[in-house]
Each structure stands twice: as structure tokens, then as C-alpha cells.
Amino acid sequence: MPCLVSRRSAAPCESLRCRAVPYRATPRSATPTVPRRAARATAVPRFAVPLHAGRAVPRHAAPTAPRSSGRCGRRARQRVQVLRALRSDPVGLEGLRAAALGEGGLCPELRPQVWPRLLSVDPCNLPPRPAPPALQDHRDRGQVLLDVARSTPRFPPGMPAEQRRVLQEQLAGLILHVLRAHPQLHYYQGYHDVALTLLLVLGQRRAAPLLEQLSTHHLRDFMDPTMDSTKHILNYLMPLLQRESPRLHDFMQRAEVGTVFALSWLITWYGHVLTDFHHTLRLFDFFLASHPLMPVYFAAAVVLHREEEVLGAPCDMPSLHQLLSRIPRDLPYERLVSRAQELFQRHPHARLSRQHHKSIAIQSFGAFQRAASCQRPDAVLRRQRREPAGAGGDAAIPLPAAGRNPLVKVAVWGLSATLGAVALAVTHTALDWGPEFLLRLF
């Protein structure tokens, strides 16, 4: 099926259908008049509002996979694959993982629906929105506020200052909310980078349960009161390099460079060291669908990819540490993702560890997977929530619908002229969630 874009439009399909289209904010005083031709030929500027788009799965029956080829066809087939997995009972978790691990990762508009399922979070039973940081107290509150204040470079370029300040306040409230709910967790510098990525994609309310799940499972070893568990996770790196390239391993051993260069990679899921937010999102797709040690395997893939560059550097600790700690901008991320998966298959983590250490993340992953495989689809969860309400129970809090907000109406009207049939259905249903930031600013 060819892309459903106007024949008169010269805009490429990539800018209209295959990327997430953010919403254009319209002032109250302005009358929304969007010429059809202009709407079809002009791409909406990115990051006009936060990246989270809310619910991203249409309610109608699952469409058949289009026959179009290329990137547009692959994205369309992925939408169909994800839709079928989300509607199956129980949820087709393996299909969602396959989509997240596949080439290019998830479509941007699908992440808000797939990420919660990968972490076994019920999207129909969200907790209340975290309180502002001024209303929360915690032993690490001062450090959290300092790190959040320094997080400006991590926001997408071109984001308005007012919008960034609101998001920074939400970020601090989100982090403190998780730390207060789990007193056994200890904040570390770099934790806010992971939280920020979730906030930009999902919004504060839906990011809160995902950050809790990550903190109590995948990131749990980094949140101990000491660095012992973190050092143990880092110790998986050198045995991987030794099995793949003894020459590279011996060179790094002679230089006594250690593994500290990869510390910020692991504890931030590379969010602190990558300059392109698109690459950060791609790796989050990969890590959310994988074993908690997959960031270590990806680090090994990066070092092995740069083997000749490393061997050509001076064999001393300062020079090699400076070289390795800086990740090049032109890395072939898809090949590295594939290689990391191959390394995980060839070298199971149980054979790499030379010392016994009780890793909470590793030991709890089996139970975490079993719980995630028993999730019910949204339609069943909504029906289960409505039945007690009809019997006299507490009614569910209604979500903001598209028809209750004029700005959402404008967004739907403008997008309907540019998106194809599948993407339009996805985006139209996404607006049922009502982006909280749009409602707050305007």
C-alpha cells in the first residue's frame, strides 16, 4: 500500500508518516485556520510540547499488514504487530519485545503504550501524579535538585525555557516520589538521566510506575548504599572482552585502564553520554526488552567495535581512559545492538562472573519475566474496572477526552490532513489521554 500522502505534496513520507508528529500549540486568542495544502506540505516543528503522546493504539479491529516496502512499510508492519500483541489475552509480550529489539526500535508513537507493558505496568490503573518537589522531603532532596538543575543539556534542543522549567520541576518531583516510596533505594548521580528519558516520552504520571519498576529491578544494584554491587556489574565487561579479543583485553590490562570509563554508560543507560536523543530512545527500547545486564554487553560491543582505534592509542591509563570514555557520534547503533545480542547468546553471564555476588537485578529477573507474561489487554482491564463501579464501587477517574479540549481538537484537525490511515488512527486515539503539559501551559 503506498503512503497516504497528498499527491500534490512534495514533502517526503519520512517527515509525515513514519515519525512521531508533535502537537502545535495554538494561542487562545488565535482562530485556528489551517489551509489543507499548507498542512500537507509543512512538517510540524519538533519538541513544540513534550514528547509523550499518551495512548497510542486505535480501538478498531487490527488492520492487515500493508505490503509497502522500505522504512515506511517496516514501520506500518510494526504497528500491526504491536497492535495484535497488545490485544491478545494475555498480552503478547514476546511480540512486543521483538518489535523493541528489531531494526530501528519502536515507532515513537508506540513507545508510550509498549514501554509500560515491557515493565509489567498496568496502563489502566495509574497512581496519582507525584507531588511537587517543594512538598516532598527526602535525605537526598538537595542532591536531586542540584542534578535536575544541571540537566539542561539533556533536554531536546529548541525546547522553550518555560517548558523546560516545568519539566524540571516534574522531574524532581518524580524522582523524590520514587525514593520516598522505597526507602531502601539510595539516589545516585545519573539516576535523573534515566528518569528524564521516561518523563519526556511518557509524562510525569505514567513515568512514575515505570521508574519504580526500573529502580526495583533493572537499576536495583546501582541503588545500594555502597558501590559494591555496581562494581560487580562492571566486572562482567573484561571477561567479555577477553573471550572475544584476547589481544584487546591484554592491551587494556597492561594500560591498567580498568572499567571505570563505562560507569556512566551503565548507570544512566547511556543517556548521559549520547548527544542524540534519538539514539538514547533506541537504546531504551533495547534495554527495556532485555536482561538487566544487556547494557554491559552493549558496552563490550562498543569497545570491540573500536578495537583498532584502542590498539593504536598509547598504552597508558590516562590516554586510554580519555579515549574510551568518549563515545563517537557516528557509531553504527543497529549493528552494535545486534552484536550485543550475539554476545549475550554466546557468553551467558553465569559463565563470566568469577566471584559470587548477590545481584538483586539478576536474581529477580526470572520472576519479573513471569509476572510480565501474565498481563491482560487494556480492554479487559477497563472492563474489570467498570464492573465494580457499576455495582456501587468507586468509579474510575475519567481520562480527558479529545472532544473536551479545543486544543486537542485543533491537533486532530491539523494532523488528519497529513497522516496516513493507520497513523491517523493511532494518533487520534493517543489524544484521548490529553497531554498534561499542554493543558498546564495553555
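All values reported here derive from a predicted model rather than from experimental measurement.
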- Message: Looking at E308 and R247, is any side-chain nitrogen of the basic one under 4.0 Å from a carboxylate oxygen of the acidic one?
- Response: yes

- Task: Mark yes or no for whether R205, through its side chain, and P127, through its backbone, hold a donor-acceptor pair below 3.5 Å.
- Result: yes

Validation: residues 253-269 side-chain donor-acceptor distances under 3.5 Å, sequence neighbours left out:
unit_1 : atom_1 : unit_2 : atom_2 : d
T268   : OG1    : S264   : O      : 2.5
T268   : OG1    : Y270   : N      : 3.4
T268   : OG1    : H272   : N      : 3.4

- Message: With a 3.5 Å distance limit and no angle check, can you tell me whether Q375 reaches the backbone of R117 through a side-chain donor-acceptor pair?
- Response: yes

- Message: Can a donor-acceptor pair be found, under 3.5 Å and without considering hydrogens, that links the side chain of R376 to the backbone of P90?
- Response: no

- Task: Determine yes or no for a side-chain-to-main-chain donor-acceptor pair under 3.5 angstrom, with E334 supplying the side chain and G104 the backbone.
- Result: yes

- Query: Where the side chain of Q81 meets the backbone of G95, is there a donor-acceptor pair that is under 3.5 Å apart?
  - Reply: yes

- Quick one: are the ring centres of H349 and H291 less than 6.0 Å apart? yes

- Atom of A301, atom of L343 and distance for their closest heavy-atom approach: N-CD1, 4.0 Å

- Look only at the side chain of Q204 and the backbone of Q170, and say whether a donor-acceptor pair between them is shorter than 3.5 Å. yes

- Just wondering, do C107 and R75 contact through their side chains at under 4.5 Å, heavy atoms? yes

- Should H192 and R150 count as side-chain neighbours, where that means a heavy-atom distance under 4.5 Å? no

- Query: What do the steps show when you test H217 against F365 for ring pair (Phe, Tyr, Trp, His ring centres under 6.0 Å), and what is the final call?
  - Reply: CA-CA 7 Å; H217 290 89; F365 186 64; 8.9 Å; no

- Check side chain to side chain donor-acceptor pair (under 3.5 Å) between D316 and all other residues, then give those that pass, not counting sequence neighbours. S319

- Item | R329 and D276 ion-paired at < 4.0 Å | no

- Item | R346, CZ: over 12 other non-hydrogen atoms inside 6.0 angstrom | yes

- Query: Under 3.5 Å, side chain of S151 to main-chain N/O of R154, donor-acceptor pair present?
  - Reply: no

- Note on the structure: Here the pair of heavy atoms bringing R282 nearest to L101 is NH2-O, 3.4 Å

- Task: Could you tell me whether a side-chain N or O of S325 sits under 3.5 Å from a main-chain N or O of H321, the two making a donor and an acceptor?
- Result: yes

- Task: Output every pair passing ring pair (Phe, Tyr, Trp, His ring centres under 6.0 Å) with a member in residues 124-172, not counting sequence neighbours, ordered by first then second residue.
- Result: none

- State, with a plain yes or no, whether a side-chain heavy atom of T152 is found less than 4.5 Å away from one of Q168. yes

- Do side-chain atoms of S290 reach the backbone of M294 as a donor and acceptor pair under 3.5 angstrom? no

- Query: Is it true that the side chains of Q136 and H177 contain a donor and an acceptor less than 3.5 Å apart?
  - Reply: no

- Centroid-centroid under 6.0 Å between Y188 and Y191 rings: yes

- Query: Quick one: do R97 and E94 make a salt bridge, cutoff under 4.0 Å?
  - Reply: yes

- Message: Please tell me whether Q213 and H218 have a donor and an acceptor in their side chains that are separated by less than 3.5 angstrom.
- Response: no

- Would S215 and R220 satisfy side-chain contact (heavy atoms from CB on, under 4.5 Å), going step by step from the backbone distance to the final call? CA-CA 5 Å; S215 303; R220 180 61 183 84; over 6 Å; no

- Indicate the atoms forming the closest heavy-atom contact of A100 with L118, along with that distance. CB-CD1, 4.2 Å

- Do you know which two heavy atoms are closest between P133 and L145, and how far apart they sit? CB-CD2, 4.2 Å

- Query: Ignoring hydrogens and geometry, is there a side-chain-to-backbone donor-acceptor pair from D221 to I360 under 3.5 Å?
  - Reply: yes

